[in-house]
Engineer: 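Quick one: this structure, given as structure tokens, is what I'll be asking you about.
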Protein chains: 2
Amino acid sequence: MLIAERGFKRTSIDDVIEHASLSGKSHFYHYFKSKDQLGLEVLSRQFEKFAERGLAILREPMIEPIERLNLFIDSLVSLQTERGFRIGSPFGNLASEMADLHEGFRERLTLVFERWASQIQSLLWEARPYLTEQADTVRLSRFIIATLEGALMMSKVSRDAEMLRGIAADLKRFVSMHIREGVAA
Amino acid sequence: MLIAERGFKRTSIDDVIEHASLSGKSHFYHYFKSKDQLGLEVLSRQFEKFAERGLAILREPMIEPIERLNLFIDSLVSLQTERGFRIGSPFGNLASEMADLHEGFRERLTLVFERWASQIQSLLWEARPYLTEQADTVRLSRFIIATLEGALMMSKVSRDAEMLRGIAADLKRFVSMHIREGVAA
DNA sequence: AAACGTATGGACCAGATAGTCCGAATCAGG
DNA sequence: CCTGATTCGGACTATCTGGTCCATACGTTT
């Protein structure tokens, strides 16, 4: 979507109308109550698309859970690399922009991150037999997301593929720190 | 500064004039060539302030380097907590907002992150005797910054102090992973 | 085919915003 | 006290924004 790339504020309703080949303002306001409503909708849409495609790999039943997590991290890295580092995270951009714009946005964003985290949590829960007892799935999932978000943001700024790959690799190492001795990843 | 809190786009020149008690538009345009120029200036100012106060602890000569790093992480956590999670990172907000607005902004932001990273690198370099051989100071410094940025962004969205503390604690654990056996942090 | 309700096009409005411009005030030196 | 230059104040312009409104096209039912 346009908004994901260019930001919410910087995308005018006229832009949206042109891009979506709507016939006019009233056509737009037929679908959306206001621009804010559009923002919420886009956010939800964005997450659903992400949950469908991006997060799908986390649920892949034929692959070992930890391996799945690594693949997921890799997939984010290659997505960002392919797209020339223009996107950052699907939500990170919108998050820092919209969070203080509107209480409703903030709540929705919280929800989005929570749902993402819970996907990782259930993966980690599944991987429990391989993990050490100290491993806290909730904390670990949040850590993973935060690092990924930060890495994507920074790679968007610096456009440095090496940096992104390095952080991703270190993140995997951090996760593997929680794997029991004698268990292959 | 105003812009750091409210964002660049959402702060009008009139806002700046009022807030800085300037006499009028021409007064503003006497100091700055354009609004973009102001943005660059603010960014530099912001980093200098951060380097002076926030990063100062990293250079504190009387404290063990790794201990300093932990204190620095703690200081970011408490700053964000004190301010009610409204700020996020000093740069993260501006970064994702301004990076694709203007090539000049992007370059300046890259510089800012690099300078921050190099401060952490020299700290890690100093701590070399305590670290394992595999520890790569450049990569580690980037990882630390990315995780902090992501954590600050997410805590700004969720306003969850617990989450921020958890990520910070895990980050310290990750750093301590690179400390040689038998060396107290 | 008439009548009616709904979708549509796009002109229009009010408010905001970056940036310009010119007249007035201030202050220097003679 | 006058003159000239520099700074200051804020009115003004052009443009863009989200949002409204109404007349018309269309389709459906009778």
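Values in this document were obtained by computation on a predicted structure and should not be read as measured data. In what follows, every chain begins at residue 1, and chains take the letters A, B, ... in the order their sequences are listed.
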Engineer: For a quick check under 3.5 Å, do B:Gln121 and B:Thr137 share a side-chain donor-acceptor pair by atom type?
Structural biologist: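 No, because no side-chain N or O of B:Gln121 sits under 3.5 Å from a partner of the opposite role on B:Thr137.
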
Engineer: Between P on D:dT20 and CD1 on A:Ile17, what's the gap in Å once rounded to a whole number?
Structural biologist: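 Taking CD1 of A:Ile17 and P of D:dT20, I get 13 Å after rounding.
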
Engineer: By nearest nucleotide on DNA chain D, pick out whichever of A:Tyr29 and B:His30 is the more 5' one.
Structural biologist: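 That would be B:His30.
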
Engineer: Contact list please: residues 6-14 of chain A against DNA chain D, heavy atoms, distance less than 4.0 Å, in numerical order.
Structural biologist: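 A:Thr11, A:Ser12, A:Ile13 - these, ordered by number, are the residues of the stretch whose heavy atoms sit under 4.0 Å from the strand.
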
Engineer: Starting at atom CZ of B:Phe32, determine the distance to atom P of C:dA18, rounded to an integer number of angstrom.
Structural biologist: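 Distance check: B:Phe32 CZ to C:dA18 P gives 14 Å.
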
Engineer: Regarding C:dG19, can its base be found pairing with the side chain of B:Lys25 as donor and acceptor, where the two atoms are less than 3.5 Å apart?
Structural biologist: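 It does, because a donor-acceptor pair links the side chain of B:Lys25 to the base of C:dG19 below 3.5 Å.
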
Engineer: For DNA chain C, whose closest nucleotide is more 5', that of A:His27 or that of B:Asp36?
Structural biologist: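 Per heavy-atom nearest nucleotide, the more 5' residue is A:His27.
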
Engineer: May I ask you to check whether over 12 heavy atoms, not counting those of A:Arg83, lie within 6.0 Å of atom CZ?
Structural biologist: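 Atom CZ in A:Arg83 is not packed in, count stays at 12 or less.
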
Engineer: Who pairs with A:Glu133 by salt bridge (charged side-chain N to carboxylate O under 4.0 Å, His left out), at least two apart in sequence or on another chain?
Structural biologist: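 Salt bridge (charged side-chain N to carboxylate O under 4.0 Å, His left out) check on A:Glu133 returns A:Arg180.
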
Engineer: For B:Glu18 and C:dT17, what is the distance between atoms CD and P respectively, to the nearest whole Å?
Structural biologist: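 Between P of C:dT17 and CD of B:Glu18: 12 Å.
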
Engineer: Does A:Ser26 contact C:dG10 through a side-chain donor or acceptor facing the base, at a distance under 3.5 Å?
Structural biologist: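 Such a pair is found, so the answer is yes.
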
Engineer: Please indicate whether A:Glu60 has more than 12 foreign heavy atoms, meaning atoms of other residues, nucleotides or ligands, lying under 6.0 Å from its CD.
Structural biologist: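 Yes - once you tally the heavy atoms of other residues, nucleotides and ligands closer than 6.0 Å, there are more than 12.
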
Engineer: Mark yes or no for whether A:Asn93, through its side chain, and A:Ile87, through its backbone, hold a donor-acceptor pair below 3.5 Å.
Structural biologist: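 Confirmed, A:Asn93 side chain pairs with A:Ile87 backbone.
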
Engineer: Which is true for A:Lys35 with a 4.0 Å heavy-atom rule: it touches a base, it touches only sugar-phosphate, or it touches nothing?
Structural biologist: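 Sugar-phosphate, no base atom in range.
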
Engineer: Check whether A:Arg68 reaches the backbone of A:Ile57 with its side chain - one donor and one acceptor, N or O, closer than 3.5 Å.
Structural biologist: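 Between the backbone of A:Ile57 and the side chain of A:Arg68 there is no qualifying donor-acceptor contact (under 3.5 Å).
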
